[in-house]
Amino acid sequence: MKKATGAVLFLGLLLNLLIPLEASAQAANWKQTYKKYILDYIQSDGFNQDSVITLIDLDRDGVPELIGGEDYRIINRIDFAYTFKKGQSLRLTHQGPGIGEESPIGFRIGMHAFTKGNLNLYKDKKSGKLQFVGTDGVGGIAGSDVGDYVIQLTGTVLKTYEISRHYTEEGVKDEYTFKGNKVTKSAYDAKRKSYYASLAKTSVQPAVLSGSDILNSDNAEDAIDRLLGLENERKAELGKNLYPQMPLEDKKALMRFLGNFPAEVEQFDITHYTDDQLVGLVSNNTMKYGIGPLADRDPEPVTRPRTFEDGSTADWTYYGYPEKDVNDYIQSLFGVVPKQASPAYLENGTYYFPDWAAGGGSLDVPELEGVYALGNGLYYLELTRYAPEMDEWDYDKWVSFGDFQHTPIENWSAQTKAGLTLTKEGFWHAIVRKTQDDSGSVSWHLVEYRKNKKMTKAELDEYVRKLQASGM
């Protein structure tokens with residue numbers, strides 16, 4: 001097995017990563033610049049579960065370098081490498097030996113040398129000089145090739161120097177080298193022992209994000225933000241999280257309000273909606289989920305023609321609700337009422353909701369994690385929705401859990417926690433408006449809502465300006 005060939009080079013990666021850097025040359029924030037590169041990479045053909053993305057400050061100037069590629073058995077390849085200096089990103093080049101192969105940017109050192117545990121910072125015990133050492137290598141059933149390399153970054157040039165290398169192949173005598181010269185096994189061991197005896201390993205390790213971590217995450221952007229430290233910055237910019245200090249009853253009330261928007265509701269924007277979107281939501285709540293003030297009513301069924309998305313029509317069972325009652329429900333959720341609902345729903349002062357012939361939907365748990373004040377009665381919320389299940393359905397036991405779906409999980413009884421299994425449906429953000437009537441009663445109106453998206457302070461400021469411009 002002489003330096004086994006890795007995966008075939010992929011066109012998508014070349015298109016995404018070997019483009020000119022002018023677009024990011026003026027970027028003042030290395031985190032946002034690196035985030036763009038990572039997002040491009042994970043959308044390329046070369047990204048998979050064996051990909052690795054590493055942050056490590058190789059020249060110790062306070063800003064880490066960004067290196068990514070693939071590392072699995074005989075595949076050991078660096079696909080991109082950047083540094084960030086004087087407000088601009090710069091591509092790294094490589095000089096020196098290594099055990100990587102098929103790098104589209106010409107690196108001989110492989111990604112294996114930049115993974116956690118394989119890249120270490122050492123301090124010379126006498127001089128105090130610091131140096132990075134990376135263990136590079138490939139391996140399979142037939143053999144392995146492993147070497148240690150000093151790694152230095154000067155400007156934009158990454159230089160590597162061999163310390164030692166050990167090559168094995170089935171049916172072939174092992175090869176040992178030290179600083180590029182062939183040596184015997186005993187000399188190899190002695191020289192390595194002497195070399196590392198003069199060094200002390202520090203605790204410095206690279207920050208690493210694997211392809212499998214990204215693919216298994218609910219949201220890739222969140223995983224990237226955690227790697228870059230953007231999540232903590234974003235939360236700091238948002239200000240104080242009010243949720244932990246909120247009284248339990250206020251938490252329950254807010255969860256109960258959010259319960260009006262089941263997981264199938266993935267987005268809403270009060271500055272851009274249709275009347276039928278509002279009516280459709282309360283229709284589903286009433287007929288499918290049994291949510292809201294209309295759900296317990298039992299109107300007489302009527303038959304009306306129904307048009308489906310594919311253009312086909314059929315006679316269908318509908319249930320009628322007074323226009324005022326439906327508008328009041330919509331008003332309580334959104335702070336607005338439909339101005340011109342379509343005849344498919346509204347006719348002669350009555351809203352008609354289609355029978356949900358397929359059975360009901362399951363209510364979930366909108367677990368709040370953050371509540372941030374935006375001013376003027378607006379609040380930004382972050383939440384995760386969970387679908388509760390029982391191993392064996394038991395109606396009496398389910399009822400005994402009480403109003404658990406509108407209670408923070410940390411406040412559940414031991415019986416409820418033991419009796420339910422929670423499946424994460426995803427995370428959402430919401431912008432809500434807090435209102436208070438003359439009696440002091442507090443209610444909430446949904447302003448904006450979206451699945452799998454967390455907003456930055458800048459995005460929130462922009463949305464509030466948009467909201468004000470719309471007069472909402």
Side-chain angles (χ1 to χ4, degrees), residues 217-222 254-297 306-310 312 316-319 321 326-327 329-336 338 341-342 344-346 351-369 380-390 393 398 403-407 409 420-432 444-455:
S217 66
D218 292 323
N219 183 275
E221 193 170 347
D222 253 15
L254 194 48
M255 289 179 70
R256 193 170 291 109
F257 170 74
L258 294 168
N260 285 285
F261 312 100
E264 68 177 60
V265 182
E266 297 193 353
Q267 62 182 32
F268 175 79
D269 188 342
I270 197 68
T271 68
H272 185 72
Y273 70 90
T274 66
D275 286 342
D276 280 6
Q277 184 180 5
L278 303 181
V279 180
L281 184 140
V282 300
S283 174
N284 277 352
N285 281 4
T286 302
M287 306 306 298
K288 180 178 179 180
Y289 292 98
I291 299 172
L294 309 175
D296 292 333
R297 299 189 185 182
R306 183 177 185 183
T307 302
F308 298 93
E309 291 183 0
D310 62 1
S312 63
W316 204 263
T317 300
Y318 281 78
Y319 296 88
Y321 297 87
V326 174
N327 284 347
Y329 182 23
I330 294 173
Q331 170 78 34
S332 73
L333 297 180
F334 302 101
V336 298
S342 71
Y345 283 117
L346 181 61
Y351 280 102
Y352 291 95
F353 294 165
D355 182 45
W356 192 265
S362 298
L363 300 179
D364 62 3
V365 180
E367 178 76 0
L368 277 161
E369 294 154 5
Y380 170 69
L381 316 179
E382 293 183 347
L383 62 143
T384 299
R385 304 194 80 106
Y386 295 93
E389 297 177 356
M390 298 178 69
W393 174 249
W398 182 274
D403 191 25
F404 69 90
Q405 286 152 315
H406 304 134
T407 301
I409 295 172
L420 293 172
T421 299
L422 296 178
T423 301
K424 184 183 290 187
E425 298 174 299
F427 64 86
W428 278 255
H429 80 252
I431 298 175
V432 296
W444 301 90
H445 293 153
L446 186 66
V447 175
E448 202 264 356
Y449 188 66
R450 199 183 314 174
K451 183 179 183 181
N452 289 342
K453 168 67 178 175
K454 293 182 179 179
M455 298 183 75

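Residue numbers start at 1 and run along the sequence shown. Keep in mind that the numbers below use all heavy atoms, side chains included, and drop hydrogens, waters and symmetry copies.
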S.K.: In chain order, what residues pass the ring pair (Phe, Tyr, Trp, His ring centres under 6.0 Å) check against Tyr380, with sequence neighbours excluded?
M.R.: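 Listed in chain order: His429.
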S.K.: Restricting to pairs with a member in residues 271-286, which pass salt bridge (Lys or Arg N to Asp or Glu O under 4.0 Å), not counting sequence neighbours?
M.R.: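 Salt bridge (Lys or Arg N to Asp or Glu O under 4.0 Å) check on residues 271-286 returns no pairs.
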S.K.: With sequence neighbours left out, what residues match Phe334 under ring pair (Phe, Tyr, Trp, His ring centres under 6.0 Å)?
M.R.: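 Scan of Phe334 (ring pair (Phe, Tyr, Trp, His ring centres under 6.0 Å), adjacent residues dropped) gives Phe261, Phe268.
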S.K.: Holding to side chain to side chain donor-acceptor pair (under 3.5 Å), I want the full list of residues that pass it with Lys454, two or more places apart in sequence or in another chain.
M.R.: Asp222
S.K.: Applying side-chain contact (heavy atoms from CB on, under 4.5 Å), name anything that partners Leu422, two or more places apart in sequence or on another chain.
M.R.: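 Leu422: side-chain contact (heavy atoms from CB on, under 4.5 Å) contacts with Tyr386, Pro388, Ile409, Trp412.
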S.K.: Is there a side-chain contact (heavy atoms from CB on, under 4.5 Å) between Arg297 and Thr286 once you walk through the steps?
M.R.: CA-CA 9 Å; Arg297 299 189 185 182; Thr286 302; over 6 Å; no
S.K.: Would the Phe404 and Trp398 ring centres measure less than 6.0 Å apart?
M.R.: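 Yes.
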S.K.: Please identify which of these residues, Trp316, Tyr318, Tyr321, meets the ring pair (Phe, Tyr, Trp, His ring centres under 6.0 Å) condition with Phe353.
M.R.: Tyr321
S.K.: Quick one: does Thr407's side chain have a donor or acceptor within less than 3.5 Å of a partner on Asp403's backbone?
M.R.: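 Indeed, once roles are kept as given, a pair shorter than 3.5 Å links the two residues.
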S.K.: Does Tyr352 have any ring pair (Phe, Tyr, Trp, His ring centres under 6.0 Å) partners at least two apart in sequence or in another chain, and if so, which?
M.R.: none
S.K.: Before you tell me yes or no, could you show the steps for Asp269 and His272 under side-chain hydrogen bond (donor to acceptor under 3.5 Å, both in side chains), namely the whole-Å CA-CA distance, both residues' side-chain angles and the distance that decides it to 0.1 Å?
M.R.: CA-CA 5 Å; Asp269 188 342; His272 185 72; over 6 Å; no
S.K.: Distance from Lys453 atom NZ to Glu382 atom CD, nearest 0.5 Å?
M.R.: 11.0 Å
S.K.: Output all residues satisfying side chain to side chain donor-acceptor pair (under 3.5 Å) with Tyr345, sequence neighbours left out; order by chain, then residue number.
M.R.: none
S.K.: Which residues satisfy the salt bridge (charged side-chain N to carboxylate O under 4.0 Å, His left out) test with Glu389, sequence neighbours excluded?
M.R.: none
S.K.: Would you check, one step at a time, whether the test side-chain contact (heavy atoms from CB on, under 4.5 Å) holds for Val279 with Leu346?
M.R.: CA-CA 9 Å; Val279 180; Leu346 181 61; over 6 Å; no
S.K.: Write down the atom of Pro262, the atom of Asn285, and the distance for their closest heavy-atom approach.
M.R.: CD-OD1, 3.7 Å
S.K.: Work out which heavy atom in Arg385 is nearest to a heavy atom in Gly259; give both atom names and the distance.
M.R.: NH2-CA, 4.0 Å
S.K.: Kindly compute the distance separating CD1 (Ile270) from NE2 (His445), expressed to the nearest 0.5 Å.
M.R.: 9.5 Å
S.K.: Run the salt bridge (charged side-chain N to carboxylate O under 4.0 Å, His left out) test against Glu221 and tell me which residues pass, sequence neighbours left out.
M.R.: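 With neighbours one apart ignored, the set is Lys35.
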S.K.: In chain order, what residues pass the side chain to side chain donor-acceptor pair (under 3.5 Å) check against Arg450, with sequence neighbours excluded?
M.R.: Glu448
S.K.: Taking the side chain as C-beta and beyond, is there a heavy-atom pair between Val365 and Met255 under 4.5 Å?
M.R.: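 Contact flag for Val365/Met255 side chains = yes.
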S.K.: Roughly how far apart are Ser283 OG and Tyr319 OH, rounded to 0.5 Å?
M.R.: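 Atom-to-atom, Ser283:OG and Tyr319:OH are 12.0 Å apart.
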S.K.: Side chain of Asn260, backbone of Phe257: donor and acceptor closer than 3.5 Å?
M.R.: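 Yes: the side chain of Asn260 pairs with the backbone of Phe257.
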S.K.: My understanding is that only residues two or more places apart in sequence, or in another chain, count here; which of them pass side chain to side chain donor-acceptor pair (under 3.5 Å) with Thr384?
M.R.: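 Applying side chain to side chain donor-acceptor pair (under 3.5 Å) to Thr384 gives Glu369.
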S.K.: For the residue pair Val265 and Asn284, establish whether any side-chain heavy-atom pair is separated by less than 4.5 Å.
M.R.: no
S.K.: With sequence neighbours left out, write down each residue that passes side-chain contact (heavy atoms from CB on, under 4.5 Å) with Ser312, or none if nothing qualifies.
M.R.: Phe308, Asp310
S.K.: Ignoring hydrogens, what is the shortest heavy-atom contact between Pro354 and Arg306? Give both atom names and the distance.
M.R.: CB-NH1, 3.6 Å
S.K.: Between Leu420 and Met390, does a side-chain contact (heavy atoms from CB on, under 4.5 Å) hold up when you go through it step by step?
M.R.: CA-CA 5 Å; Leu420 293 172; Met390 298 178 69; 3.8 Å; yes
S.K.: Are the side chains of Lys288 and Glu264 in contact, using a 4.5 Å heavy-atom criterion?
M.R.: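 They are in side-chain contact.
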S.K.: Looking at every heavy atom in both Tyr449 and Ala430, which two are closest together, and how far apart are they?
M.R.: CD1-CB, 3.7 Å
S.K.: Find out whether Asn327 and Pro338 are in side-chain contact, i.e. whether some heavy atom of one side chain is under 4.5 Å from a heavy atom of the other.
M.R.: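 Result yes, sub-4.5 Å side-chain heavy-atom pair found.
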S.K.: Tell me, do Val282 and Tyr351 make a side-chain contact under 4.5 Å, heavy atoms counted?
M.R.: no
S.K.: For the atom pair NE2 (His406) and CZ (Arg256), what is the distance rounded to the nearest 0.5 Å?
M.R.: 6.5 Å
S.K.: Check whether any side-chain heavy atom of Leu258 sits under 4.5 Å from a side-chain heavy atom of Leu381, and report yes or no.
M.R.: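 A side-chain contact exists here, since the closest heavy-atom pair is under 4.5 Å.
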S.K.: Is the shortest side-chain heavy-atom distance between Leu446 and Leu333 below 4.5 Å?
M.R.: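 Contact flag for Leu446/Leu333 side chains = no.
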S.K.: For the atom pair CD (Gln267) and CH2 (Trp428), what is the distance rounded to the nearest 0.5 Å?
M.R.: 12.0 Å
